[in-house]
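Remarks on the structure that follows.
For the numbers below, each heavy atom of this structure counts, side chains included, while hydrogens, waters and symmetry mates do not.
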Number of protein chains: 2
Amino acid sequence: MNLPIGELARRTGVKVPTIRFYEQIGLIAAPPRTEGNQRRYGKAEIDRLNFIRHARELGFEVDHIRELLVMSQEPQASCHQADSIAKSHLREVDRRIERLQALRGELSRMIDECGHGRICDCRIIEVLADHRQCSSEHVA
Amino acid sequence: MNLPIGELARRTGVKVPTIRFYEQIGLIAAPPRTEGNQRRYGKAEIDRLNFIRHARELGFEVDHIRELLVMSQEPQASCHQADSIAKSHLREVDRRIERLQALRGELSRMIDECGHGRICDCRIIEVLADHRQCSSEHVA
DNA sequence: GCTAGAATCTCTAGCCACTAGAGGATCAAG
DNA sequence: CTTGATCCTCTAGTGGCTAGAGATTCTAGC
């Protein structure tokens, strides 16, 4: 267990520059270096990076991950805070789904109504423009 | 019709700095100025900004909006391209909804299973950590 | 004409979470 | 001892804005 950064990346699915970035923003600690100044990691970093990756995949923000990481280090503390972070994130996800679904509806209505003819008859452009007329004066 | 930027902002719901930003990236043209170097807008800019705002609200990227704007200026052209932009955007929205719903499922499962006890029993932390044990050795 | 305050101007920098690339050093295998 | 993969630091870019400094201009009332 004295992994160079590339090996850590391979084992955690977090890219090399991202690992260095996480070190820079203090999400992971600066590891020991070789004589030639290269980073070497141990088992703890694999766990920590996996934790971070999972949380990121679930859409948690870095600041929330920071808190979750602190908590995970205090196994005897109450998990109330973790619960509340997760719940507020769930609400946020719900809001996003709702907005995307409304948007989806509008988009697909637009597309359905498009007659595949000229721009001036196109519902897509029309919806975006809100009020746009297709006067026959422009017709060749 | 010789609107200062603030009035244009009020009428379109696009914020003043955002209007200047759109000018900078070439989404709208640089308008004429007063002697004192202040921007003055006409009706066309209201329409164009409304178009842009609607498209942004529907989640279209600026580059796509650029194309849609060009199309909207050519009323006799085929709307095939607008259709395909909208359709690919719809697919993208569908993908996002799908991902968010999977994520939502995982999150709410996590939260449901949280016993609201100690961190070491907490499903939330556990799921993130993937493999973490709550050994009684740590218990006070 | 004068003044006050709102609105405008330009410019730089910051947000989030990375990603890309330059230019050079180090490592491991043969 | 060489080769080629990996590593290093540093800067800058992504998208779509947003914030703030510090200066100027506009407009309404007197």
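- Protein chain A contacts DNA chain C over a range whose 5' and 3' limits, counting nucleotides with an atom under 4.0 angstrom from a non-hydrogen atom, are C:dA17 to C:dC27.
- Within 4.0 Å (heavy atoms only), A:Arg33 reaches sugar-phosphate atoms of the nucleic acid but no base atom.
- You'll find the side chain of B:Leu58 reaches within 4.5 Å of the side chain of A:Met110, heavy atoms only.
- If you find the closest nucleotide of DNA chain D to B:Gln38 and to B:Phe60, the one lying nearer the 5' end belongs to B:Phe60.
- Between B:Gly6 and B:Gln24, the one whose closest nucleotide on DNA chain C sits nearer the 5' end is B:Gly6.
- In this structure, A:Tyr22 reaches the sugar-phosphate backbone alone: every heavy-atom distance under 4.0 Å involves primed, P, OP1 or OP2 atoms, never a base.
- B:Ile125 and A:Ser72 get closest at one heavy-atom pair: CG2-CB, 3.5 Å.
- Under the 4.0 Å criterion applied to side-chain N and carboxylate O atoms, A:Arg10 and A:Glu7 are assigned as salt-bridge partners.
- Of all nucleotides in DNA chain D having an atom under 4.0 Å from a heavy atom of chain B, the first and last in 5' to 3' order are D:dG16 to D:dC26.
- Residues B:Arg96 and A:Arg96 form no side-chain contact, since every pair of their non-hydrogen atoms from C-beta on lies 4.5 Å or further apart.
- DNA chain D is contacted by both B:Arg56 and B:Thr34; B:Arg56 maps to the nucleotide lying nearer its 5′ end (nearest heavy atom per residue).
- The pair B:Arg66-B:Asp63 meets the salt-bridge criterion, since a charged nitrogen lies less than 4.0 angstrom from a carboxylate oxygen.
- Salt bridge present: A:Arg95 and A:Glu92 bring a charged side-chain N and a carboxylate O closer than 4.0 Å.
- In terms of hydrophobic clustering, with Ile, Leu, Val, Met, Phe, Trp and Tyr side chains grouped at heavy-atom distances under 4.5 Å, A:Ile25 and A:Val70 are assigned to different clusters.
- A:Arg20 comes within 4.0 angstrom of a base, heavy atoms only.
- For B:His80, the NE2 atom is loosely surrounded, since the number of other residues' heavy atoms within 6.0 Å does not exceed 12.
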